[in-house]
Number of protein chains: 2
Amino acid sequence: MTIKDIARLCGVSVSTVSRVINDRPDVSPAVRAAVLETVRSCNYIPNNSARVLVRSNSDAVGLVVRGVSNPFYSDIIKVIGREIDAAGYTMVMQQINSSADEIGTGAIMEREKKLRGIVFLGGRSDYTAEELRPITVPFVCCSYDNSFGVLPRDRLSSVSIDDGQTAYRAVSELCALGHRRIAALVAGTDDRSISELRYHGYLRALKDHGIEPEEALVACAGSFSMEDAYRATRLLASGGAEFTAMFIIADAMAIAAIKALEDTGREVPRDCSVIAVDGLALSQYTRPTLTTMCQPSERMGEESVRILLDMIEGRAGNRSLVLEPLLRSGGSVAPPRRARD
Amino acid sequence: MTIKDIARLCGVSVSTVSRVINDRPDVSPAVRAAVLETVRSCNYIPNNSARVLVRSNSDAVGLVVRGVSNPFYSDIIKVIGREIDAAGYTMVMQQINSSADEIGTGAIMEREKKLRGIVFLGGRSDYTAEELRPITVPFVCCSYDNSFGVLPRDRLSSVSIDDGQTAYRAVSELCALGHRRIAALVAGTDDRSISELRYHGYLRALKDHGIEPEEALVACAGSFSMEDAYRATRLLASGGAEFTAMFIIADAMAIAAIKALEDTGREVPRDCSVIAVDGLALSQYTRPTLTTMCQPSERMGEESVRILLDMIEGRAGNRSLVLEPLLRSGGSVAPPRRARD
DNA sequence: AACGTTATCGGCAACGTTCCCGGTAACGTT
DNA sequence: AACGTTACCGGGAACGTTGCCGATAACGTT
């Protein structure tokens with residue numbers, strides 16, 4: 001069933017069928033109706049490959065996500081997928097694990113010819129402009145805070161929260177309650193990832209409240225996984241370090257950390273308050289419920305593809321959006337108990 | 001940069017270049033090397049659309065998933081994506097919400113021309129053979145238990161656990177501890193979904209243990225979401241019904257249900273044991289940890305694409321796999337307290 | 001020496017579209 | 001009546017591949 005068949009069936013030329021299919025003018029209402037009718041009755045579907053070939057552009061937009069294990073991304077993927085579909089595009093998803101050059105070069109570059117645009121989700125924050133060069137289609141970084149300005153701001157589209165500021169607010173919350181010995185659980189401190197941005201916010205908040213950061217109070221899980229978070233927290237908790245609160249860079253990690261705390265004899269929030277950032281739906285159902293900075297994931301997904309499509313379809317250029325997180329108070333934060341010493 | 005350019009650059013014909021690109025014989029080692037070299041140095045990538053057009057088959061396999069909110073699917077999506085990539089195919093993901101005909105017809109049918117195969121994740125269990133007819137490419141249903149035999153077994157590939165039997169085992173576990181009044185939380189009872197399969201296992205287990213099922217003890221959430229699960233459980237718990245244990249068809253729902261139970265004054269497992277099925281990594285970190293029937297999600301994902309690719313590449317025909325779940329004991333189950341009356 | 005074989009290679013049609021360009025008929029306009 | 005305009009339509013090249021078929025040269029084989 002090709003356009004040629006339809007043409008023959010209607011007694012018109014291929015060109016005419018093409019015109020009605022693509023909703024172009026210069027075709028009489030009668031013919032248009034007739035063609036439409038046979039198209040429907042034969043339920044003919046234009047061959048996408050042929051279309052792409054001749055127009056040299058497709059309807060595919062890529063979603064490359066790093067670290068699918070992070071449940072926060074599941075939420076975002078969901079809305080990104082929904083929005084891409086709604087706009088009539090096709091989403092092709094690609095997961096990457098770690099090696100960052102996969103992004104700039106191989107995996108994507110290979111597909112590039114087919115893609116109209118790309119949304120990056122959860123990549124590290126230190127793409128260099130150089131790495132990004134091979135990408136010639138529009139792209140937007142979702143959940144990517146360009147605060148460090150590593151990327152020239154006029155060449156990057158992104159939507160995110162201000163990770164540093166968000167962490168700052170969270171930690172300040174703890175300080176306001178009187179906490180002075182505040183531990184942190186991060187995924188890593190050596191790259192310019194979301195983890196480090198939030199870590200810096202933590203440091204800044206401590207300093208602004210006159211607290212000297214202590215090396216011994218920051219646990220590094222090495223990844224965003226619950227398993228690693230549990231292990232790292234356990235290590236911290238059994239290390240003899242004294243702290244009355246913890247700042248944790250992600251909800252999922254916080255949930256694991258809370259278990260680690262309790263497994264080592266500390267009750268949350270009585271013995272240790274916990275505040276996190278992400279705002280998973282899930283963390284309203286744990287015990288205790290999590291006090292956390294909610295990222296507007298719905299909005300982040302929507303805006304990401306809106307911006308991307310604006311670029312793809314030439315309606316607008318680069319744009320970056322910094323969204324405001326919202327503190328959701330749960331049961332994991334309380335004032336510190338009176339110091340024992 | 002087309003195949004023609006490469007040909008010109010090498011001083012050979014287009015055919016020859018095509019031959020070396022596709023790793024076909026009938027080309028001298030010298031020429032092959034030369035072509036390969038220029039291909040690399042120009043980093044030429046064959047135009048996929050043209051390929052697909054002429055060969056009339058692509059490298060895309062579809063993943064259509066219903067209910068992305070279910071965190072169990074996140075795990076599976078992850079491994080499915082990984083495996084599809086590894087095999088050199090491209091994954092295009094499509095979410096659907098509810099209306100089942102989207103599956104059989106529209107969304108897929110539209111894309112069909114491009115897809116080599118499809119893996120369905122989380123669709124309802126009552127596709128009719130009729131609905132499936134329009135799908136002409138190989139497909140496999142992941143996490144789909146065809147126990148009801150609604151589909152002719154020789155026309156369907158699937159990989160799943162035996163949902164009924166799994167629920168049966170879970171509930172039997174409760175019975176063995178002495179529980180007699182066992183409530184159930186399901187997503188729905190009216191369709192032939194996973195929810196109903198598990199629900200039937202629950203009923204069967206009760207009967208086999210001489211317990212008369214009670215309408216009043218089954219709560220229907222209406223979906224797999226935590227929100228609905230919480231609401232339904234709360235309703236059940238505040239309804240005056242007496243029960244010492246709950247069987248819940250999904251981990252995520254169980255987590256929400258536990259909160260509902262505790263919010264209405266019942267402690268888990270002291271006042272009410274909870275057993276679920278899924279086996280999310282997450283549920284090892286909640287408090288209490290969840291006793292649950294673990295689905296081998298890793299294996300399910302792997303086998304799904306293995307089966308699919310076997311069909312696509314003509315290595316094998318339909319195949320169905322029923323995997324064995326594993327009971328993971330957590331802290332949410334205990335013997336019933338002595339009856340009060 | 002004539003012939004079959006084999007190893008290499010190029011030509012060319014085809015895949016299903018889109019889109020430019022040119023053509024025809026019908027209809028004013030002067 | 002000759003001309004320009006408009007509305008509609010078809011022809012055909014092009015998009016970048018693949019794969020069939022035929023061509024050539026080199027090499028045995030009888």
Side-chain angles (χ1 to χ4, degrees), chain A residues 1-39 42-60 88 90 109-116 136, chain B residues 1-39 42-60 88 90 109-116 136-137 313:
Chain A
M1 210 18 90
T2 78
I3 200 177
K4 226 170 288 180
D5 300 317
I6 302 293
R8 192 159 22 76
L9 253 40
C10 292
V12 298
S13 78
V14 175
S15 308
T16 301
V17 177
S18 176
R19 269 188 282 260
V20 355
I21 288 175
N22 295 283
D23 223 32
R24 249 169 266 285
D26 280 7
V27 34
S28 69
V31 173
R32 183 182 298 273
V35 170
L36 246 25
E37 171 53 25
T38 41
V39 162
C42 299
N43 58 39
Y44 156 78
I45 299 172
N47 182 307
N48 202 274
S49 301
R51 278 192 151 160
V52 171
L53 179 59
V54 66
R55 297 200 290 218
S56 61
N57 74 25
S58 76
D59 68 340
T90 298
M109 181 59 189
E110 266 195 50
R111 253 130 198 158
E112 238 224 300
K113 294 288 158 53
K114 279 187 308 194
L115 298 182
R116 289 293 292 283
T136 62
Chain B
M1 212 12 97
T2 77
I3 200 177
K4 224 169 290 180
D5 298 318
I6 302 294
R8 190 158 25 75
L9 253 42
C10 292
V12 297
S13 78
V14 175
S15 307
T16 302
V17 177
S18 176
R19 269 187 282 260
V20 353
I21 288 175
N22 293 282
D23 222 33
R24 249 169 266 285
D26 281 7
V27 34
S28 70
V31 173
R32 183 181 300 273
V35 171
L36 246 24
E37 172 52 25
T38 41
V39 162
C42 299
N43 60 35
Y44 157 78
I45 298 172
N47 182 307
N48 202 273
S49 301
R51 278 191 151 160
V52 171
L53 179 59
V54 66
R55 295 200 292 218
S56 60
N57 74 26
S58 76
D59 68 340
T90 298
M109 182 58 188
E110 265 195 51
R111 254 128 200 161
E112 239 224 301
K113 294 288 160 51
K114 280 186 307 193
L115 297 182
R116 289 292 293 281
T136 63
V137 292
E313 290 166 8

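We name chains A, B, ... by the order of the sequence lines, and we start the count at 1 in each one.
Following rounding to the nearest Å, B:Asp26 (CG) and D:dG19 (P) show an atom-to-atom distance of 13 Å. The distance from atom CG of A:Asp5 to atom P of C:dG16 is 8 Å, rounded to the nearest whole Å. In this structure, B:Asp23 places its CG atom 12 Å from P of D:dT18, rounding to the nearest Å.
Partner assigned to C:dT17 is D:dA14, using Watson-Crick or G-U wobble distances below 3.5 angstrom. Searching all strands for a Watson-Crick or G-U wobble partner of C:dT30 with both distances below 3.5 Å returns D:dA1.
For the pairing with A:Leu36, the side-chain contact (heavy atoms from CB on, under 4.5 Å) check across A:Ile21, A:Val20, A:Val17 returns one residue only, A:Val20.
Counting only heavy atoms from C-beta outward, the side chains of B:Asp5 and B:Cys42 never approach each other to under 4.5 Å.
The line from CE of B:Met1 to CD1 of B:Ile45 is 11.5 Å long, rounded to the nearest 0.5 Å. Atoms CD and SG, on A:Glu37 and A:Cys10 in that order, are 9.0 Å from each other to the nearest 0.5 Å.
A donor-acceptor pair under 3.5 Å links the side-chain atoms of B:Thr38 to the main chain of B:Val35, judged by distance alone. Remark: the backbone N or O of A:Asp59 is not paired with any side-chain donor or acceptor of A:Arg116 at under 3.5 angstrom.
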- Verify side-chain contact (heavy atoms from CB on, under 4.5 Å) between B:Thr2 and B:Asn47, making sure each step is shown before the conclusion. CA-CA 8 Å; B:Thr2 77; B:Asn47 182 307; over 6 Å; no
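A:Arg32 has a carboxylate O that lies under 4.0 Å from a charged side-chain N of A:Asp23, or vice versa, which qualifies the two as a salt bridge.
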- Item | Sugar-phosphate or base contact per nucleotide [nucleotides 17-25 of chain C; S, B, -; heavy atom under 4.0 Å] | BBB------
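Sequence order on DNA chain D of the closest nucleotides to A:Arg32 and B:Leu53 puts A:Arg32 first from the 5' end.
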Which atoms of nucleotides 4-6 of chain D (N or O only) lie under 3.5 Å from a protein N or O atom, and what are those distances?
none

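Each of D:dC8, D:dG10, C:dC15 was ranked by its minimum atom distance to the side chain of A:Val12; first place goes to D:dG10.
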